[in-house]
2 protein chains.
Amino acid sequence: MARITGSNGERTALAIRHAALRLIHRHGFAAMSLRDLAAEVGIRPGSLYNHIATKQSLLFDLMHEHMTTLLAETDAALAAAGPAPLDRLRSFIAHHVLYHLERKREVYIANFELRALDAANAARILAMRHDYEARLIGLLEEGAAAGVLATADMRVTAYAMLAMLTGVCTWYKPSGRLDRAAIVALHTDLALDGIRR
Amino acid sequence: MARITGSNGERTALAIRHAALRLIHRHGFAAMSLRDLAAEVGIRPGSLYNHIATKQSLLFDLMHEHMTTLLAETDAALAAAGPAPLDRLRSFIAHHVLYHLERKREVYIANFELRALDAANAARILAMRHDYEARLIGLLEEGAAAGVLATADMRVTAYAMLAMLTGVCTWYKPSGRLDRAAIVALHTDLALDGIRR
DNA sequence: GTCTATATACTGATAGAC
DNA sequence: GTCTATCAGTATATAGAC
């Protein structure tokens with residue numbers, strides 16, 4: 001007999017993940033105690049262990065799920081884009097910015113809590129991050145081959161672009177002055193043409 | 001009678017600051033115990049309190065010293081630059097990148113451990129960060145007034161540029177492929193003209 | 001699956017001898 | 001200024017009743 005969808009156990013597991021995202025984003029993984037987490041969920045500390053193996057595995061699962069989703073969605077966005085290198089690049093930028101606006105907590109954690117993972121887990125997440133960087137480097141190489149863009153160094157340019165595009169996570173608030181489309185357009189312009197006129 | 005320069009106490013205090021920069025950069029402030037710190041310095045945990053008031057004040061002092069130096073050096077770089085808006089902007093970019101290459105640990109801590117400060121200390125560091133951002137926004141406004149650059153939004157453009165320029169902290173290694181001048185040139189080109197050709 | 005209770009270790013910080 | 005010793009609180013994780 002199949003497990004009942006949305007049973008109490010599953011709802012608790014989901015609540016733990018959401019509460020962990022909030023607390024880790026706000027205070028950092030090391031500063032989040034399992035007592036804090038349990039209190040946020042509304043259960044006793046020991047009950048957490050019906051849903052997680054260790055605090056470490058909880059962090060890894062959150063990061064792994066984020067990276068899996070990011071890679072899959074990016075590939076889908078590129079598959080839906082036109083064939084022109086600049087169009088594909090625009091598609092990457094737009095998806096990256098929108099994804100980072102919508103899931104700023106997951107992104108923040110995946111970028112800044114790598115230090116809290118043990119060596120084996122960190123290696124797995126790093127490999128997925130390298131896969132993601134490789135997507136952008138590939139797009140830059142396509143553009144350079146087509147003669148529509150130029151850069152002194154593919155890899156460092158990709159790092160610089162990703163740092164800029166990921167920066168939205170640190171200041172974006174949904175109630176802010178600019179809407180999402182304006183933020184995407186501004187970052188696309190900056191990446192492609194800079195600020196000089 | 002003046003205190004002897006480089007006395008044992010001062011050398012210990014300096015060693016604590018350096019060790020703290022290393023450990024916080026590597027593991028994060030919350031994950032650095034004062035026992036770890038004392039061991040790295042080569043003293044007993046209790047002896048730390050001859051040099052620091054609390055763990056919190058140690059973090060604040062490190063961040064405050066960094067921000068003070070960054071603001072002073074930036075003003076000096078701008079004072080030494082030519083009067084043309086683009087020259088002043090190039091001077092800002094070059095100084096920012098070089099400073100961040102040379103003091104990546106301090107920068108990383110100041111950017112990502114704000115959450116570990118209590119409210120009053122965080123407000124002081126945030127005010128200094130806003131001062132720094134205001135320098136760049138001012139330069140962008142100078143350039144826009146002179147008609148040599150354009151942007152859809154001054155503040156968000158400044159955030160995006162700072163995120164990009166600060167990104168060097170996360171991957172730079174002195175033994176890397178590109179030397180500092182090349183990294184500065186690449187980021188200046190990216191900021192001013194983007195990647196499109 | 002959640003609860004109470006607890007094991008075991010570690011945390012920041014302090015007191016007082018030298 | 002550094003040491004030994006320790007306080008009081010908290011950390012992750014586990015055991016067993018319900």
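It should be emphasised that the depicted structure is a prediction, and the values quoted were computed from it without experimental measurement. Residue numbers begin at 1 in each chain, while the letters A, B, ... track the order of the sequences. Just the heavy atoms: all of them, side chains too, but no hydrogens, waters or symmetry mates, feed the values below.
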When rounded to the nearest 0.5 Å, the distance separating CE of A:M164 from CD1 of A:I93 is 7.0 Å
Specify the separation, in whole Å, of atom NE2 of A:H51 and atom P of D:dA13. 16 Å
So, for B:F112 and B:H25, is the gap between ring centers shorter than 6.0 Å? no
Test item: A:L149 and A:L89 side chains (from C-beta on) under 4.5 Å apart, heavy atoms: yes
Using modelled atom types only, decide if a donor and an acceptor are shared between the side chain of A:E106 and the backbone of A:H66 within a distance under 3.5 Å. no
Side chain to side chain, A:F29 and A:I109, heavy atoms closer than 4.5 Å: no
Using atom types as modelled, flag every donor-acceptor pair under 3.5 Å from a side chain in residues 118-126 of chain B to any protein atom, sequence neighbours excluded.
| from | atom 1 | to | atom 2 | distance (Å) |
| --- | --- | --- | --- | --- |
| B:D118 | OD1 | B:A120 | N | 3.4 |
| B:D118 | OD1 | B:N121 | N | 3.0 |
| B:N121 | ND2 | B:Q56 | OE1 | 3.2 |

Is A:S47 close enough to C:dC3 that one of its side-chain N or O atoms is under 4.0 Å from OP1 or OP2 there? yes
Using side chain to side chain contact (heavy atoms under 4.5 Å, CB included), reason through B:R105 and B:I24 one step at a time and then give a plain yes or no. CA-CA 8 Å; B:R105 288 181 307 215; B:I24 297 173; over 6 Å; no
Which is more 5' along DNA chain D, the nucleotide nearest B:G42 or the one nearest A:I52? Just name the residue. B:G42
What residues from residues 15-33 of chain A pass a heavy-atom cutoff of under 4.0 Å to DNA chain C? none
Kindly point out which of C:dG12, C:dC3, D:dA13 is positioned nearest to the side chain of A:I43? C:dC3
Same apolar cluster: A:L140 and A:L165, side chain cutoff 4.5 Å: yes
OH of A:Y49 versus C1' of C:dT4: gap in Å, rounded? 16 Å
Taking only nitrogen or oxygen atoms into account, show me every contact under 3.5 Å that the protein makes with nucleotides 6-8 of chain C, one pair per line with its distance.
none

Not counting sequence neighbours, list each pair that qualifies as a ring-ring contact (aromatic ring centres under 6.0 Å, His included) and has a residue in residues 170-197 of chain B. A:Y159-B:W171
Protein N or O to nucleotides 15-18 of chain D N or O, pairs below 3.5 Å:
none

Hey, can you tell me if A:H95 and A:Y99 have their rings parallel, tilted or perpendicular (30° and 60° cut-offs)? tilted
In whole Å, I'd like the distance from the CZ atom of B:R44 to the C1' atom of C:dG12. 17 Å
In this structure, how many angstroms lie between the C1' atom of C:dC10 and the CG atom of A:L34, rounded? 15 Å
Kindly write out the residues that satisfy side chain to side chain donor-acceptor pair (under 3.5 Å) with B:R44, not counting sequence neighbours, or none if the list is empty. none
What is the distance, to the nearest angstrom, from the CG atom on A:L48 to the C1' atom on C:dC3? 13 Å
Output the rounded distance in Å from NZ (B:K55) to P (C:dT14). 15 Å
